[in-house]
Amino acid sequence: MFSLPTLPYSFDALEPYIDAQTMEIHYTKHHQAYLDKLNLALKQVPDLKNDSIEGLLSDLSQVPEDVRTTVRNNGGGYYNHMLFWNMMTAPEQSKMSKELVDLFNVSFGSVDEFKKKFAAEATARFGSGWVWLVKDPGDRYAILSTPNQDSPIMDTPGTRLLLGLDVWEHAYYLKYQNRRPDYVDSWWNVVNWEEVERRAE
Ligand code: MN
């Protein structure tokens, strides 16, 4: 059985960029629901060798077909949100080190070019999904997006997830309504760059 991780800050910590009400609903309702449905589905398959959520999502073929989609969607939702909370921080803590600036310069041309490409991917993702900065198993940095609650590790185990952005409407609708690009613009103010750097190491 998996459990809900503690939110590393208060619901209003990301104001004014992410509002407290969105954070509270997102964490206590949406994340909780993914977790509950995942645990319920896993009860039906007690013999899984799912020692970790990463192990489970990286090898969905071991999950019996009748619960595989449920585990994929809710296990993905459980895992993605767990990462997402830690990839954000209070605006005054959102600072990029010189090392990370260098990384973006080398891999994407500049920090601005990186942000532009990432935001374009967020806008281009039709419907619900996630945008990711990853380090692939060949140690290359890339921006990609996934539909629904899919994780890049489902297709490519060993992919390192450095940064992820939830572009489901439930992540921004209360404050930004249909304006996904405005949400993405604001979100840069609360990115936990220390966490990105830690995950890249
Ligand atoms: Mn979400």
S.K.: Do Y79 and L40 sit in the same hydrophobic cluster, where Ile, Leu, Val, Met, Phe, Trp and Tyr count as joined when their side-chain heavy atoms come under 4.5 Å apart?
M.R.: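 No, it is not one cluster - the side chains of Y79 and L40 are not joined through contacts under 4.5 Å.
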
S.K.: With side-chain contact (heavy atoms from CB on, under 4.5 Å) as the test, would you mind laying out the steps for H26 and I18 before giving the verdict?
M.R.: CA-CA 11 Å; H26 205 170; I18 308 288; over 6 Å; no

S.K.: Indicate if V101 and L162 have the same hydrophobic cluster label, given that clusters are the connected sets of ILVMFWY residues with side-chain heavy-atom separations under 4.5 angstrom.
M.R.: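 Yes, V101 and L162 fall within the same hydrophobic cluster.
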
S.K.: Fit a plane to each ring of F2 and Y78, take the angle between them on a 0 to 90° scale, and name the class: parallel (under 30°), tilted (30 to 60°) or perpendicular (over 60°).
M.R.: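 Ring orientation, 0 to 90° scale: tilted.
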
S.K.: Within a radius of less than 6.0 Å around CD of E92, do more than 12 heavy atoms belonging to other residues, nucleotides or ligands occur?
M.R.: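 Result for CD/E92: enclosed.
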
S.K.: Of all heavy-atom pairs between W187 and G164, which one has the smallest distance, and what is that distance?
M.R.: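 Answer, listing the atom of W187 first, then G164: CZ2-O, 3.5 Å.
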
S.K.: Any ion pair linking R199 and E195 (charged N to carboxylate O, less than 4.0 Å)?
M.R.: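 Salt bridge flag = yes for R199 with E195.
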
S.K.: Show the nearest heavy-atom pair for residues Y183 and D166, with the distance to one decimal.
M.R.: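 Shortest heavy-atom separation between Y183 and D166 comes out as OH-O, 2.6 Å.
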
S.K.: Just so I know, are the side chains of Q62 and L48 near enough to count as touching, which here means a heavy-atom distance under 4.5 Å?
M.R.: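 Result yes, sub-4.5 Å side-chain heavy-atom pair found.
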
S.K.: Starting from the C-alpha separation in whole Å, work towards a yes-or-no answer on side-chain contact (heavy atoms from CB on, under 4.5 Å) for V71 and L38.
M.R.: CA-CA 6 Å; V71 170; L38 171 66; 4.2 Å; yes

S.K.: Could you check whether any side-chain heavy atom of I25 comes within less than 4.5 Å of a side-chain heavy atom of H170, counting everything from C-beta outward?
M.R.: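 No, side chains not in contact.
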
S.K.: So does K37 have more than 12 non-hydrogen atoms from other groups sitting under 6.0 Å from NZ?
M.R.: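 Not buried by this count: 12 neighbours or fewer within 6.0 Å.
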
S.K.: Given side chains that start at C-beta, do those of R72 and D150 come closer than 4.5 Å, heavy atoms only?
M.R.: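 Contact flag for R72/D150 side chains = yes.
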
S.K.: For W168 and H30, test the side chains for any donor-to-acceptor distance below 3.5 angstrom and give the result as yes or no.
M.R.: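 Per modelled atom types, W168 and H30 side chains form no pair under 3.5 Å.
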
S.K.: Name all residues meeting the side chain to side chain donor-acceptor pair (under 3.5 Å) criterion together with N39; count only those two or more places apart in sequence or in a different chain, and write none if there are none.
M.R.: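 Scan of N39 (side chain to side chain donor-acceptor pair (under 3.5 Å), adjacent residues dropped) gives none.
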
S.K.: Do you know the tightest heavy-atom contact between F114 and L163?
M.R.: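 Looking at all heavy atoms of both residues, the shortest contact is CZ-CD2, 4.3 Å.
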
S.K.: I'd like to know if L14 and Y173 are part of one continuous hydrophobic network [Ile/Leu/Val/Met/Phe/Trp/Tyr, side-chain heavy atoms within less than 4.5 Å].
M.R.: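 Each belongs to a different hydrophobic cluster.
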
S.K.: Do S94 and T89 come within less than 4.5 Å of each other through their side chains, counting heavy atoms only?
M.R.: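 Of all side-chain heavy-atom pairs linking T89 with S94, at least one is under 4.5 Å.
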
S.K.: Under 3.5 Å, side chain of S128 to main-chain N/O of N148, donor-acceptor pair present?
M.R.: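 No: the side chain of S128 does not pair with the backbone of N148.
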
S.K.: Atom CG of L165 and atom CD of E121: how far apart are they, to the nearest 0.5 Å?
M.R.: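 It comes to 11.0 Å.
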
S.K.: Rounded to the nearest 0.5 Å, how far does NE2 of H31 lie from CE of M23?
M.R.: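 It comes to 10.5 Å.
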
S.K.: Heavy atoms only: give me the nearest N74-A33 pair and the separation to one decimal.
M.R.: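 The pair with the smallest heavy-atom distance is OD1-O, 4.3 Å.
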
S.K.: Please say yes or no: joined through hydrophobic side-chain contacts below 4.5 Å, possibly via intermediate residues, are M88 and L174 part of one cluster?
M.R.: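 Cluster IDs for M88 and L174 differ.
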
S.K.: Using modelled atom types and a 3.5 Å cut-off, is there a donor and acceptor pairing between side-chain atoms of N86 and backbone atoms of M82?
M.R.: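 Yes: the side chain of N86 pairs with the backbone of M82.
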
S.K.: Taking side chain as C-beta onward, heavy atoms only, is S97 less than 4.5 Å from W193?
M.R.: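 A side-chain contact is absent here, since even the closest heavy-atom pair is not under 4.5 Å.
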
S.K.: Would K116 and D112 pass as an ion pair if we require N to O under 4.0 Å?
M.R.: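 The answer is no: the pair does not qualify as a salt bridge.
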
S.K.: Give the minimum heavy-atom separation between R125 and P147, together with the two atoms involved.
M.R.: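 For R125 versus P147, the nearest heavy atoms are NH1-CB, 3.5 Å.
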
S.K.: Distance from F118 atom CZ to L133 atom CG, nearest 0.5 Å?
M.R.: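 Output value for this atom pair is 7.0 Å.
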
S.K.: Indicate whether any N or O donor in one side chain lies under 3.5 Å from an N or O acceptor in the other, for S186 and Y176.
M.R.: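 Short answer, yes.
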
S.K.: Would you call the rings of H81 and F84 parallel, tilted or perpendicular if under 30° counts as parallel and over 60° as perpendicular?
M.R.: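 It falls in the perpendicular class, over 60°.
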
S.K.: Looking at every non-hydrogen atom in both residues, tell me the closest pair between P137 and P157 and how far apart they are.
M.R.: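 Taking every non-hydrogen atom into account, CG-O, 3.9 Å.
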
S.K.: Is a donor from one side chain sitting under 3.5 angstrom from an acceptor on the other, for Q149 and N80?
M.R.: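 Per modelled atom types, Q149 and N80 side chains form a pair under 3.5 Å.
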
S.K.: Side chains of D182 and Y172, heavy atoms from C-beta outward: is any pair under 4.5 Å?
M.R.: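 When only atoms from C-beta onward are counted, Y172 and D182 do not touch, as no gap falls below 4.5 Å.
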
S.K.: For the atom pair CZ (F11) and OH (Y27), what is the distance rounded to the nearest 0.5 Å?
M.R.: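 Answer for the CZ-OH pair, F11 versus Y27, is 7.0 Å.
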
S.K.: Walk me through whether I143 and V131 qualify under side-chain contact (heavy atoms from CB on, under 4.5 Å).
M.R.: CA-CA 7 Å; I143 295 166; V131 184; 4.2 Å; yes

S.K.: Mark yes when over 12 heavy atoms from residues, nucleotides or ligands other than Q32 sit less than 6.0 Å from its CD; otherwise mark no.
M.R.: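 Buried by this count: over 12 neighbours within 6.0 Å.
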
S.K.: Just by modelled atom types, is the A20 backbone N or O under 3.5 Å from a matching donor or acceptor in the E15 side chain?
M.R.: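 Indeed, once roles are kept as given, a pair shorter than 3.5 Å links the two residues.
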
S.K.: Would you compute the distance between atom CZ of F104 and atom CD of E99 and round it to the nearest 0.5 angstrom?
M.R.: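 Taking CZ in F104 and CD in E99, the distance rounds to 12.5 Å.
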
S.K.: Taking the side chain from D19 and the backbone from T22, do they hold a donor-acceptor pair closer than 3.5 Å?
M.R.: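 Yes, because the side chain of D19 sits within donor-acceptor range (under 3.5 Å) of the backbone of T22.
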
S.K.: How long is the span from the CE atom in M1 to the CG atom in D36, to the nearest 0.5 Å?
M.R.: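 Interatomic distance, M1 CE to D36 CG, rounded to 0.5 Å: 8.5 Å.
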
S.K.: Evaluate the side-chain contact (heavy atoms from CB on, under 4.5 Å) criterion for residues Q21 and E24: first the C-alpha distance (whole Å), next the side-chain angles of each, then the deciding distance (0.1 Å), finally the verdict.
M.R.: CA-CA 5 Å; Q21 193 187 9; E24 181 166 6; 5.8 Å; no

